[in-house]
Amino acid sequence: MSRSSSSTLVFYVNGKKVEDSNVDPEWTLLYYLRNKLRLTGTKLGCAEGGCGACTVMVSKFDRTSRKLIHFSANACLAPVCSMHGLAVTTVEGIGSTQTRLHPVQERIAKAHGSQCGFCTPGIVMSMYTLLRSLPGKPSMEDLETAFQGNLCRCTGYRP
Ligand code: FES
Ligand code: FES
């Protein structure tokens, strides 16, 4: 017997529609990205919202302002079911060495802002979300604020 369509989770990942009628409510978005979609760029660093290694961008149509809004989220804490109707962008969604790197990816690499590299996708997505969500040019203060939830144990943060 097929399930009713109301029990089907529908959301978008890097522009592709995902439809799944067999989702466990306990699965996090991070689990789903890595284990179901095999998008392993988004990392598990702590599973408690502290390190930001799992940062992704979530986009939704805000019905009050009638605008598309973008915000960053910890995929380790977001239940995948809460993504119904929303669009998720991961580090693989903004560019790659096989196609072309996004300027955020290119700059952090060339400026030696990546050592072990495990924190880099999360930091890239925090920066990317900031650039997508601010109308103008971000200030230094905006940048520092954007990384409040991202830890790096290697670089000392300066680069
Ligand atoms: S894994 Fe550390 S914040 Fe999600
Ligand atoms: S480069 Fe290693 S944790 Fe940031």
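We count ligands from 1, going down the list as the structure has it; atoms in each ligand are counted the same way. Just so you know, residue 1 is the first one in the sequence shown, and it goes up from there.
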Practice task
Give a yes or no on whether F118 atom CZ has more than 12 heavy-atom contacts from other residues, nucleotides or ligands under 6.0 Å away.
Solution key: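 Yes, the 6.0 Å shell around CZ holds more than 12 heavy atoms from other groups.
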Problem - More than 12 heavy atoms from other groups under 6.0 Å of CD on E144 - result: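 No, because the 6.0 Å sphere around CD of E144 holds 12 heavy atoms or fewer from other groups.
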Taking only heavy atoms of [X], which atoms of ligand 2 are found under 4.0 Å from at least one of them?
X    : answer
R153 : 3 (S)
C119 : 1 (S), 3 (S), 4 (Fe)
G117 : 1 (S), 2 (Fe)
C116 : 1 (S), 2 (Fe), 3 (S)

Exercise for the section: Output, in order, the C-alpha distance, side-chain angles, deciding distance and verdict of side-chain hydrogen bond (donor to acceptor under 3.5 Å, both in side chains) for T145 and D142. Expected result: CA-CA 5 Å; T145 310; D142 292 329; 5.6 Å; no
Problem - Student check: side-chain heavy atoms of L29 and Y31 closer than 4.5 Å - result: no
Practice task
Flag the pair M125 / I94 as yes when at least one side-chain heavy-atom distance between them is below 4.5 Å, and no otherwise.
Solution key: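 They are in side-chain contact.
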Can you sort out which atoms of ligand 1 are near [X], meaning under 4.0 Å from one of its heavy atoms?
X   : result
G49 : 3 (S)
G52 : 2 (Fe), 3 (S)
C54 : 1 (S), 3 (S), 4 (Fe)
G50 : 3 (S)
C76 : 1 (S), 3 (S), 4 (Fe)

Fill in the blank from the handout: Rounded to 10°, the SG/C51 to atom 2 (Fe) of ligand 1 to SG/C46 angle comes out at 110°
Exercise for the section: For atom 2 (Fe) of ligand 2, decide whether C152 has an N, O or S atom at a distance under 2.8 Å. Expected result: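 Not a single backbone or side-chain N, O or S atom of C152 is under 2.8 Å from atom 2 (Fe) of ligand 2.
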Practice task
Drop me the distance from E92's CD to Q98's CD, to the nearest 0.5 angstrom.
Solution key: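 Nearest 0.5 Å value for the CD-CD distance: 10.5 Å.
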Problem - Any donor-acceptor N/O pair, D20 side chain to N22 backbone, under 3.5 Å - result: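 Looks like yes, one N/O pair under 3.5 Å.
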Practice task
Could you check whether the rings of W27 and Y32 sit parallel, tilted or perpendicular, using 30° and 60° as the cut-offs?
Solution key: tilted
Handout entry: Region of A47 that comes within reach of ligand 1 [heavy atoms, distance under 4.0 Å]
Key = backbone
